[in-house]
J.: 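First the structure, which I've put down as structure tokens, then a few questions once you've had a look.
Lettering of chains follows the sequences in order, A, B, ..., and the numbering in each one begins at 1. Because the structure is a prediction, the values reported are computed rather than measured.
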There are 2 protein chains.
Amino acid sequence: MLKNRNCIIRLSRYKNALYRLNALGFVRVFSDNLADAAGVTASAVRKDFSLFGISGNKKAGYQIEELLEKLNSILGKDKVQKVIVAGCGNLASALIKYKGFEKEGIKIVAGFDIDPAKHNRSNNVPVLPLEELKGFVRNQGIKIGIIAVPEAAAGQVAETMFKNGIKGIVNFAPIRLKAPEDCVVNYVNLEHELENLVYFVNALSKTKKKI
Amino acid sequence: MLKNRNCIIRLSRYKNALYRLNALGFVRVFSDNLADAAGVTASAVRKDFSLFGISGNKKAGYQIEELLEKLNSILGKDKVQKVIVAGCGNLASALIKYKGFEKEGIKIVAGFDIDPAKHNRSNNVPVLPLEELKGFVRNQGIKIGIIAVPEAAAGQVAETMFKNGIKGIVNFAPIRLKAPEDCVVNYVNLEHELENLVYFVNALSKTKKKI
DNA sequence: GAGGTTTTGCGATTTTTTTCACAAAAAACT
DNA sequence: AGTTTTTTGTGAAAAAAATCGCAAAACCTC
């Protein structure tokens with residue numbers, strides 16, 4: 001019952017849109033509205049829902065609250081997700097300070113770095129020596145990690161994470177990681193994101209105008 | 001001659017791998033090696049290349065330097081890409097400080113924010129009032145922008161960007177943007193990235209073990 | 001330089017994802 | 001109560017992307 005990556009990302013988008021509609025006082029929503037909000041077609045919305053056995057009411061759409069509950073359950077938002085970050089440079093610090101995770105039930109519980117100057121046990125989110133990652137992850141049963149260390153260190157750090165129980169990594173380092181079969185890595189690469197954009201901007205500007 | 005998004009991202013990955021191999025002193029490379037480095041299959045590598053008319057030598061693979069030149073040209077790396085950032089919170093500051101863009105020919109030339117406390121004209125990368133975005137983008141002919149403002153402001157900022165000549169946006173705000181036909185938006189949403197990970201980690205842990 | 005081996009290039013096939021299209025259900029109206 | 005309208009749910013069709021498979025070219029060895 002493994003669904004495709006895009007489908008899950010779309011569910012997250014629908015969820016976002018639903019929160020917004022909910023805040024505006026709406027009670028019901030149509031596939032059409034969600035489609036607009038998520039930038040897809042209405043039938044894609046319905047197909048996604050049907051894939052997860054979510055159903056609405058003909059002519060009356062979906063109950064927002066009910067739908068939100070179902071999406072949240074699918075996306076594992078019934079409990080707070082504890083996450084650690086390896087590497088406490090600018091990016092990681094920004095992530096640690098970022099308030100947006102909290103309302104999504106995501107809690108960064110610790111950062112790890114080799115640089116002693118960055119260590120700080122009394123912080124709200126403590127920054128600990130990298131050697132403590134192992135024990136911390138094990139003791140707290142952390143399943144999700146973020147890698148924001150330099151390229152050269154990423155492989156090593158990932159290995160340590162996986163060895164000690166981490167099952168999923170968001171990797172900001174520009175290098176492919178070896179992951180055990182039952183683990184997942186999602187890559188985020190801002191350079192590539194920008195490169196991609198540059199390519200499509202150039203490609204579009206070369207496209208002849210339609211009549 | 002528009003190619004699919006994944007294909008372009010893969011080209012970026014190949015490029016990265018090639019730089020690494022080059023630094024290690026390699027001169028030639030096989031589709032096989034690139035496949036390993038990029039986490040895809042060898043025939044996917046060759047297919048991607050053939051899509052762009054890149055060819056190598058049977059039995060001798062590809063010349064790394066030549067290949068790099070071709071990829072760089074496809075990805076528009078023949079000239080420095082000037083980029084602006086709207087919103088100068090934690091994330092944007094991290095991006096501005098990030099050294100990795102430079103070696104990729106990406107230069108963040110200015111930040112923009114409404115908060116006067118953040119303004120600073122004498123910085124290496126100046127932070128200017130949001131009202132100046134319009135003129136700056138026009139005068140400098142900037143084509144690429146990053147949106148790192150809160151959700152509520154994102155739509156407005158995007159509109160200003162597009163109106164003044166920006167053709168591509170990387171949007172960190174968790175909301176869909178309306179873009180003119182000849183413009184592109186790439187979305188980066190860290191919450192969704194983590195949610196996605198949580199889903200797949202859960203899904204995999206539920207998968208029965210194979211015999 | 002003949003024979004064996006390796007690796008590319010790309011058409012063909014398969015798989016995955018998206019879109020279409022329409023019957024059926026529910027609400028609204030008359 | 002019957003008719004019209006709107007919207008879902010989902011098979012079927014189409015489109016897009018990934019993978020396969022193999023002939024042909026280039027290199028290597030003897």
J.: I'd like a table of atom pairs between the protein and nucleotides 16-19 of chain C - only N or O on both sides, under 3.5 Å - with the distance next to each one.
T.:
residue, atom, partner, partner atom, Å
C:dT18, OP1, A:R10, NH1, 3.2
C:dT18, OP2, A:R10, NH1, 3.3
C:dT18, OP2, A:R10, NH2, 3.1
C:dT19, O4, A:K47, NZ, 3.2

J.: Roughly how far, to the nearest 0.5 Å, is the SG atom of B:C183 from the CG atom of B:L177?
T.: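 If I round to the nearest 0.5 Å, the distance is 11.5 Å.
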
J.: Minimum heavy-atom separation for B:A35 and B:T41, please, with both atom names.
T.: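 Here B:A35 and B:T41 meet closest at CB-C, 3.5 Å.
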
J.: Do you know which two heavy atoms are closest between A:V157 and A:A86, and how far apart they sit?
T.: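 In this case the closest contact between A:V157 and A:A86 is CG1-CB, 3.6 Å.
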
J.: Is it true that B:E193 and A:R5 have a side-chain N and a carboxylate O under 4.0 angstrom from each other?
T.: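 A salt bridge links B:E193 with A:R5.
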
J.: Just how far, in rounded Å, is P of C:dT8 from CZ of B:F49?
T.: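 Rounding to the nearest Å, CZ of B:F49 and P of C:dT8 are 10 Å apart.
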
J.: Compare every heavy atom of A:T160 with every heavy atom of A:N164, then report the nearest pair and how far apart it is.
T.: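 Where A:N164 meets A:T160 most closely, the heavy atoms are ND2-O, 2.7 Å.
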
J.: Give me the first and last nucleotide of DNA chain D, going 5' to 3', that has any atom under 4.0 Å from a heavy atom of chain B.
T.: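 Contacts span D:dA17 to D:dC27, reading 5' to 3'.
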
J.: Given atom CZ of A:R46 and atom P of C:dA25, what is their separation to the nearest angstrom?
T.: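 That distance rounds to 16 Å.
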
J.: In whole angstrom, give the distance that lies between atom CG of B:L67 and atom P of C:dT8.
T.: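 Atom CG in B:L67 sits about 11 Å away from atom P in C:dT8.
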
J.: For the helix from C:dG1-D:dC30 to C:dT30-D:dA1, what is the angle between the axes at its two ends, each from 5 pairs, rounded to 10°?
T.: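 Terminal axis comparison yields 10°.
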
J.: Between A:E159 and A:K178, is the closest basic N to carboxylate O distance under 4.0 Å?
T.: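 Not counted as a salt bridge, because no side-chain N and carboxylate O are separated by less than 4.0 Å.
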
J.: Return the minimal non-hydrogen interatomic distance between B:V149 and B:A173, and the atom names on each side.
T.: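 Between these two residues, the closest heavy atoms are O-CB, 3.7 Å.
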
J.: Would you name the heavy atoms of B:L34 and B:A17 that are closest together and state the gap between them?
T.: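 It is CD2-CB, 4.1 Å.
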
J.: Can you list the steps and then say if B:F30 with B:Y62 is a ring pair (Phe, Tyr, Trp, His ring centres under 6.0 Å)?
T.: CA-CA 6 Å; B:F30 301 122; B:Y62 305 82; 8.5 Å; no

J.: Residues from residues 25-37 of chain B sitting under 4.0 Å of DNA chain C, heavy atoms only?
T.: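 Residues of residues 25-37 of chain B under 4.0 Å from DNA chain C: B:F30, B:S31.
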
J.: Can you give the donor-acceptor pairs under 3.5 Å from side chains of residues 87-104 of chain A to other protein atoms, not counting sequence neighbours?
T.:
residue, atom, partner, partner atom, Å
A:S93, OG, A:G89, O, 2.6
A:Y98, OH, B:E191, OE2, 3.1
A:E104, OE1, A:K15, NZ, 2.9

J.: Can you tell me how far the CD1 atom of B:I74 sits from the CG atom of B:L11, to the nearest 0.5 Å?
T.: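 Here the interatomic distance stands at 5.5 Å.
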
J.: Hey, what do you get for CG (B:N196) to CD1 (A:I8), rounding to the nearest 0.5 Å?
T.: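 The CD1 atom of A:I8 is 7.0 Å from CG of B:N196, to the nearest 0.5 Å.
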
J.: Can the ring centroids of A:Y187 and A:F172 be said to lie less than 6.0 angstrom from one another?
T.: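 When the ring centroids of A:Y187 and A:F172 are compared, they turn out to be at least 6.0 Å apart.
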
J.: Got a sec? Which of residues 55-65 of chain A come in under 4.0 Å of DNA chain D, heavy atoms?
T.: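 DNA chain D contact set from residues 55-65 of chain A: A:S55, A:G56, A:N57, A:K58, A:K59, A:G61, A:Y62.
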
J.: Nearest heavy-atom pair of A:V80 and A:K107: which atoms, and what distance?
T.: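 In this case the closest contact between A:V80 and A:K107 is CG1-CB, 3.9 Å.
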
J.: If you apply the rule side chain to side chain contact (heavy atoms under 4.5 Å, CB included), what do you find for B:Y199 with A:S12, and how did you get there?
T.: CA-CA 11 Å; B:Y199 173 83; A:S12 290; over 6 Å; no

